[in-house]
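Notes follow the structure.
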Amino acid sequence: MYGKAFAPEYQGELGTALGVNSSYEEVLATARRAQAGAATALERARAALAVAEANRRLGRVADAGAAWRDSYRSAREAGDAAAMSWALWSGGTLARQCGTLPLARRLLTHAVELADGSGDRLAHGYSLAGLAETGRIQGDYAAVADLHERLLEEGRAHGEARHMVWAMSGIAQMHRNTGDYAKALELFEESVRIATEADDARGRAWSLRGVADVLSVQGEPDRALALLTEAETICRTMDLASALAYNHKMRANVQYRAGRYESARDTYALALAEFSDMHEPRGMALSRLGLTKSRARLGRDRTETLAELAELERDFARIGLRHAREMVIAFRDELKEGEGSAEPRELVGAAGVPPISGTGEVPEAVEAGGESGFAVPARA
């Protein structure tokens with residue numbers, strides 16, 4: 001049995017005032033009030049962490065970056081390793097969202113080490129989950145499959161629905177990407193059930209997106225679109241800007257697979273605009289790929305399409321999205337060979353992705369590039 005979902009990133013008095021289904025505008029307003037009234041360094045660290053998470057979910061990258069660093073500095077001042085771990089977890093999650101995946105791994109690895117030393121089981125679990133998610137996004141399934149299973153077992157052992165939903169949906173995604181659609185659908189549907197019973201609206205929205213994806217691949221676009229409409233309502237209610245953009249990208253995927261290329265083109269363009277507003281390179285690149293494919297199906301000049309695919313391949317290589325890069329190569333080969341409208345092949349795994357293990361050393365400054373403005377505070 002699993003208890004109701006909770007949000008351990010809201011700590012101290014914020015943990016009483018806020019819940020897992022609080023809208024992020026509400027979280028931001030409450031956390032800012034807590035910041036203004038904070039009497040100790042630890043209280044400042046906890047308030048800044050909530051500010052960082054709210055801004056990240058709202059797609060306000062610069063504000064989120066400043067807030068997690070503030071949280072880390074305050075936690076270091078307080079001498080609280082667990083609070084430092086939570087701040088680096090937030091920073092690593094933001095780095096992943098912004099497409100700086102090597103930096104995400106470094107921050108999350110250090111977060112794991114700090115949490116391990118502090119004895120904060122939840123900070124440790126969330127940081128490990130962040131590492132697993134980063135590896136899965138890169139396509140490094142061999143490195144993270146066991147970690148996903150471990151987190152799943154920990155979620156069961158402690159009755160933590162939110163972690164169960166996360167781990168189960170991650171495992172489902174790997175099954176989906178390696179072609180085992182039946183197993184993926186089973187796990188995504190179980191994830192929906194657990195999230196619903198635990199009153200985890202955000203987890204339900206993400207899990208519904210996974211179910212819709214598999215149904216679409218299996219030739220049921222209308223059922224998939226109905227589930228995405230339900231998930232979109234949740235995203236709008238909770239101010240989930242990033243999740244909403246990914247929902248729109250998935251809607252475009254469903255439309256594309258169904259041969260509705262004009263609708264897919266327009267929806268990919270919407271998702272691209274949303275990701276651009278959030279400065280989220282991974283979502284931008286994936287949406288651009290869908291947009292390029294849709295325009296190609298609608299008769300765009302082949303030379304222009306190939307040029308854009310070359311640019312996208314470089315972007316995916318830079319970000320570290322090996323699976324997505326292979327999709328670009330497959331579609332380009334398809335165009336060159338003049339093969340009908342078959343979907344590009346799926347990739348089982350990816351080689352050459354850096355391992356999850358590492359020293360976790362975080363230097364005083366990390367050159368991350370882009371607009372995310374990451375600079376890591378000195379260690380305590």
Side-chain angles (χ1 to χ4, degrees), residues 85 88-116 121-158 160-181 183-188 190-191 194 203 206-207 209-210 213-214 242 246 281-283 285-286 316-327 346-360:
S85 174
L88 289 178
W89 164 77
S90 179
T93 305
L94 179 64
R96 184 177 67 238
Q97 180 173 313
C98 291
T100 51
L101 301 182
L103 176 58
R105 285 192 177 224
R106 296 185 71 176
L107 292 174
L108 289 164
T109 297
H110 190 44
V112 169
E113 292 174 348
L114 283 168
D116 191 42
R121 182 180 60 81
L122 287 170
H124 188 263
Y126 271 61
S127 299
L128 280 178
L131 276 175
E133 175 76 358
T134 303
R136 184 184 64 76
I137 285 173
Q138 289 182 289
D140 192 9
Y141 300 155
V144 300
D146 289 345
L147 183 51
H148 276 76
E149 293 288 355
R150 173 182 161 188
L151 290 165
L152 187 64
E153 288 306 312
E154 287 183 3
R156 286 196 179 106
H158 295 285
E160 293 167 353
R162 195 175 175 200
H163 246 160
M164 280 291 297
V165 168
W166 175 85
M168 189 171 290
S169 61
I171 295 168
Q173 189 65 46
M174 288 189 283
H175 282 296
R176 178 259 182 267
N177 286 351
T178 53
D180 190 348
Y181 301 129
K183 184 62 175 179
L185 184 60
E186 175 188 336
L187 290 171
F188 275 130
E190 177 69 1
S191 183
I194 293 172
W206 279 105
S207 301
R209 189 172 67 94
D213 184 26
V214 178
S242 180
Y246 275 104
R282 173 173 166 255
L286 292 170
F316 287 136
R318 174 181 54 78
I319 296 171
L321 300 176
R322 303 304 179 93
H323 178 77
R325 180 171 177 266
E326 288 290 331
M327 290 176 65
E346 295 286 353
L347 180 69
V348 171
V353 180
I356 284 178
S357 60
T359 65

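In this chain, residues are counted from 1 in sequence order.
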inquiry  = Ser191: which residues meet the side chain to side chain contact (heavy atoms under 4.5 Å, CB included) condition with it, sequence neighbours left out?
reply    = Val165, Met168, Ser169, Ser207

query = Can you tell me how far CZ of Arg106 sits from OG1 of Thr100, rounded to the nearest 0.5 angstrom?
reply = 11.5 Å

Considering all heavy atoms, the nearest Tyr181-Val214 contact = O-CG1, 3.6 Å

request  = Under the side-chain hydrogen bond (donor to acceptor under 3.5 Å, both in side chains) rule, collect the residues that match up with Ser85, sequence neighbours excluded.
outcome  = none

Residues forming a side-chain hydrogen bond (donor to acceptor under 3.5 Å, both in side chains) with Thr134, sequence neighbours excluded = Arg96

query = Measuring from Glu160:CD to Tyr126:OH, what's the distance to the nearest 0.5 Å?
reply = 7.0 Å

Test item: Val112 and Trp89 side chains (from C-beta on) under 4.5 Å apart, heavy atoms = no

task = Considering non-hydrogen atoms only, spot the tightest contact between Leu101 and Ile137 and give its length.
result = CD1-CG2, 4.5 Å

message = If you define the side chain from C-beta out and look only at heavy atoms, does anything of His158 sit under 4.5 Å from Arg121?
response = yes

query = What pair of heavy atoms forms the shortest contact from Leu151 to Trp166, and how long is it?
reply = CD1-CZ3, 3.3 Å

query = Does the side chain of His110 reach to within under 4.5 Å of the side chain of Leu114, using non-hydrogen atoms?
reply = yes

ask   = If you take all heavy atoms of Gly92 and Leu107, which pair is closest and at what distance?
value = N-CD1, 3.7 Å

query = What distance separates Leu185 CG from Arg176 CZ, expressed to the nearest 0.5 Å?
reply = 12.0 Å

ask   = What pairs meet the salt bridge (Lys or Arg N to Asp or Glu O under 4.0 Å) rule with one or both residues in residues 125-134, with sequence neighbours excluded?
value = Glu133-Arg136

query = Who pairs with Arg209 by salt bridge (Lys or Arg N to Asp or Glu O under 4.0 Å), at least two apart in sequence or on another chain?
reply = none

query = Got a second to check how far Lys183's NZ is from Phe188's CZ, nearest 0.5 Å?
reply = 12.5 Å

task = Locate the shortest heavy-atom distance separating Gly99 from Ile319; write the atom from each residue and the value.
result = O-CG2, 3.6 Å

query = Do Gln173 and His148 have side chains that get closer than 4.5 Å, going by heavy atoms?
reply = no

key: Pairwise distance CG(Asp116) to CG(Leu128) - rounded to 0.5 angstrom   = 8.5 Å

note = When rounded to the nearest 0.5 Å, the distance separating CG of Leu88 from OG1 of Thr93 is 10.5 Å

request  = Could you name each residue pair satisfying salt bridge (Lys or Arg N to Asp or Glu O under 4.0 Å) that touches residues 141-150, not counting sequence neighbours?
outcome  = Arg150-Glu154

